[in-house]
There are 2 protein chains.
Amino acid sequence: MTEVKPMRADARRNYERLLKAAAEAFAEHGEGASLDDIAKRAGVGSGTLYRHFPTRQALLEAAYIDRVEALAARADDLAGELPPGEALVEWLNELSAGMIQVRGLKALLGSAVTDGSNAVVTACGVSVKGAAGRLVEAAQREGTLRGDVEPIEILRLAHGVATASELTDGEGKFIRRYLSLLTEGLRP
Amino acid sequence: MTEVKPMRADARRNYERLLKAAAEAFAEHGEGASLDDIAKRAGVGSGTLYRHFPTRQALLEAAYIDRVEALAARADDLAGELPPGEALVEWLNELSAGMIQVRGLKALLGSAVTDGSNAVVTACGVSVKGAAGRLVEAAQREGTLRGDVEPIEILRLAHGVATASELTDGEGKFIRRYLSLLTEGLRP
DNA sequence: GACTAAGCGGAGACAGTCCCCGTTTATCGC
DNA sequence: GCGATAAACGGGGACTGTCTCCGCTTAGTC
């Protein structure tokens, strides 16, 4: 199914350049960075950018896929180091921190866990959902996480925690606080 | 302090018209509605719009202030009808639902509870924080809410719940679900 | 070296924001 | 009523960003 038509050399070169420029620009100006500016930085015309990446979302995903996969891999590291319940919380902490510190990542992960009926299956979505699934299942088996929550709900809640934390200070200092309110509940 | 310089009749008229047009436009196109279009709907020039409302935020606030105050008043109604803990949860539910259903309200309330050092004290912020403060205090006194949470934290968490719920279905169907996960915690 | 299609790139149409400043008009003292 | 005058109007225009179209260039192939 996956047609493997080798890209022409110039196309591949421009693709790489665009990715590099995009990562810089998103880091610098957030997810709203000017696309024409990214093309300019990469030394290509804007047509070239739009041909390779039809939407901002596509570019964002391509630029950050490595980082997202690192985050997913981190889930398995943590699972090896800590008991399941703690591994899950620690991972959610790192995930939320990433969403706040890496500009643009929050939007990307948000759309990866959005229930669009137009559900484009994104590589980022697959990675992150897989990682969450493994941690959630282990924690539930261990008995430290209620059995009726779905992995994707946990991801959405992490997004919510990142949002709440962002409102608080724009850095990530309050993530642990909100995460612990979530895990322990609001009752005394 | 509050200089009460009565507006000129034409100024007042245009102000009202803009508010009405803005409410329509925000409802129709979300918080990103075109400001020039709002001016056009109101039958005034864009200069007039920008004079009355220097920023999109200012217009958004003016257009929705009634609704926010209704929400704040609702807090006190609920406090009269239900025990404090339940009143709080029910209010948070209605608040979050409003953020999702009324396009633009989420952004407005978000900036009202953001800790900007450039903290503009907004009327919306005052209303909503006051209402939250009363409910939180009552629930804490009753002993159904942990004593170490601040009203503003609760508001930020509600924002997070609305965000998570929005990712789930774009309507408000999952607010109660996430709210109950938050109040009860994620442990079994 | 010549052919050809894949790929390039930037001009330009369009949409939005926001300011500037010449013109209009509500208000007030007479 | 009737100017005088400062407040308010409004739309033209500069600017920024998105995205497409199509004539030109060039990599890959024989």
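Just so we're on the same page: letters track the sequence lines, and every chain starts at 1.
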Could you give all pairs that pass the ring-ring contact (aromatic ring centres under 6.0 Å, His included) test and reach residues 140-182 of chain B, with sequence neighbours left out?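 Qualifying pairs, neighbours excluded: none.
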Rounded to the nearest angstrom, tell me the gap between atom [atom1] in [X] and atom [atom2] in [N].
{"X": "B/Lys40", "N": "D/dG10", "atom1": "NZ", "atom2": "C1'", "value": "12 Å"}
{"X": "B/Tyr50", "N": "D/dG12", "atom1": "OH", "atom2": "C1'", "value": "14 Å"}
{"X": "A/His52", "N": "D/dC19", "atom1": "NE2", "atom2": "P", "value": "17 Å"}
{"X": "A/Ile38", "N": "D/dC19", "atom1": "CD1", "atom2": "C1'", "value": "14 Å"}

If the threshold is 4.0 Å, N to carboxylate O, is there a salt bridge linking B/Glu90 and B/Arg176?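 Answer for the salt bridge query: yes.
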Residues B/Arg41, B/Asp36: salt bridge by 4.0 Å N-O rule: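 No, no charged N to carboxylate O under 4.0 Å.
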Does B/Lys106 reach the side chain of B/Glu166, with side-chain heavy atoms less than 4.5 Å apart?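 Yes. Closest side-chain heavy atoms under 4.5 Å.
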A/Tyr64 vs A/Phe26 aromatic rings, parallel, tilted or perpendicular, using cut-offs 30° and 60°?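 Rings of A/Tyr64 and A/Phe26: tilted, as their planes differ by 30° to 60°.
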Strictly distance-based, threshold 3.5 Å: is any side-chain N or O of B/Glu31 a donor or acceptor partner for the main-chain N or O of B/Leu105?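 It does not hold such a pair.
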Verify, without hydrogens or angle tests, whether B/Gln140 (side chain) and B/Arg146 (backbone) share a donor-acceptor contact under 3.5 angstrom.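 Here the side-chain-to-backbone pair exists.
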B/Asp169/A/Arg156 under salt bridge (charged side-chain N to carboxylate O under 4.0 Å, His left out): CA gap, chis, key distance, verdict: CA-CA 11 Å; B/Asp169 73 341; A/Arg156 287 168 180 157; over 6 Å; no
Is the shortest side-chain N/O distance from B/Asn14 to OP1 or OP2 of D/dC9 below 4.0 Å?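 Affirmative; the distance criterion is met.
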Donor-acceptor side-chain pairing of B/Glu142 and B/Thr144 below 3.5 angstrom: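 B/Glu142 vs B/Thr144: donor-acceptor pair found between side chains.
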Contact class for A/Asp37 vs. all strands (heavy atom < 4.0 Å): base, sugar-phosphate, or nothing?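 Nothing, no heavy atom under 4.0 Å.
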Quick one: which protein N/O atoms are closer than 3.5 Å to N/O atoms of nucleotides 21-30 of chain D? Pair and distance per line, please.
unit_1: D/dG28; atom_1: OP1; unit_2: A/Ala9; atom_2: N; d: 3.0

Under the salt bridge (charged side-chain N to carboxylate O under 4.0 Å, His left out) definition, can you give me all pairs with a residue in residues 14-23 of chain B, not counting sequence neighbours?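 Applying salt bridge (charged side-chain N to carboxylate O under 4.0 Å, His left out) to every pair that reaches into residues 14-23 of chain B, excluding sequence neighbours, yields B/Arg12-B/Glu16.
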May I ask you to list the residues of residues 19-36 of chain A, by number, that have any heavy atom positioned under 4.0 Å from an atom of DNA chain C?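 Those residues whose heavy atoms fall under 4.0 Å from DNA chain C, taken from residues 19-36 of chain A, amount to none.
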Take the C1' atoms of the five end pairs on each side of the helix from C/dG1-D/dC30 to C/dC30-D/dG1, get both axes, and report the angle to 10 degrees.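 Here the helix ends are tilted 10° relative to one another.
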Nucleotide interval of DNA chain C bounded by contacts with chain A (heavy-atom cut-off, under 4.0 Å):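 The protein-touched segment is C/dA6 to C/dA11.
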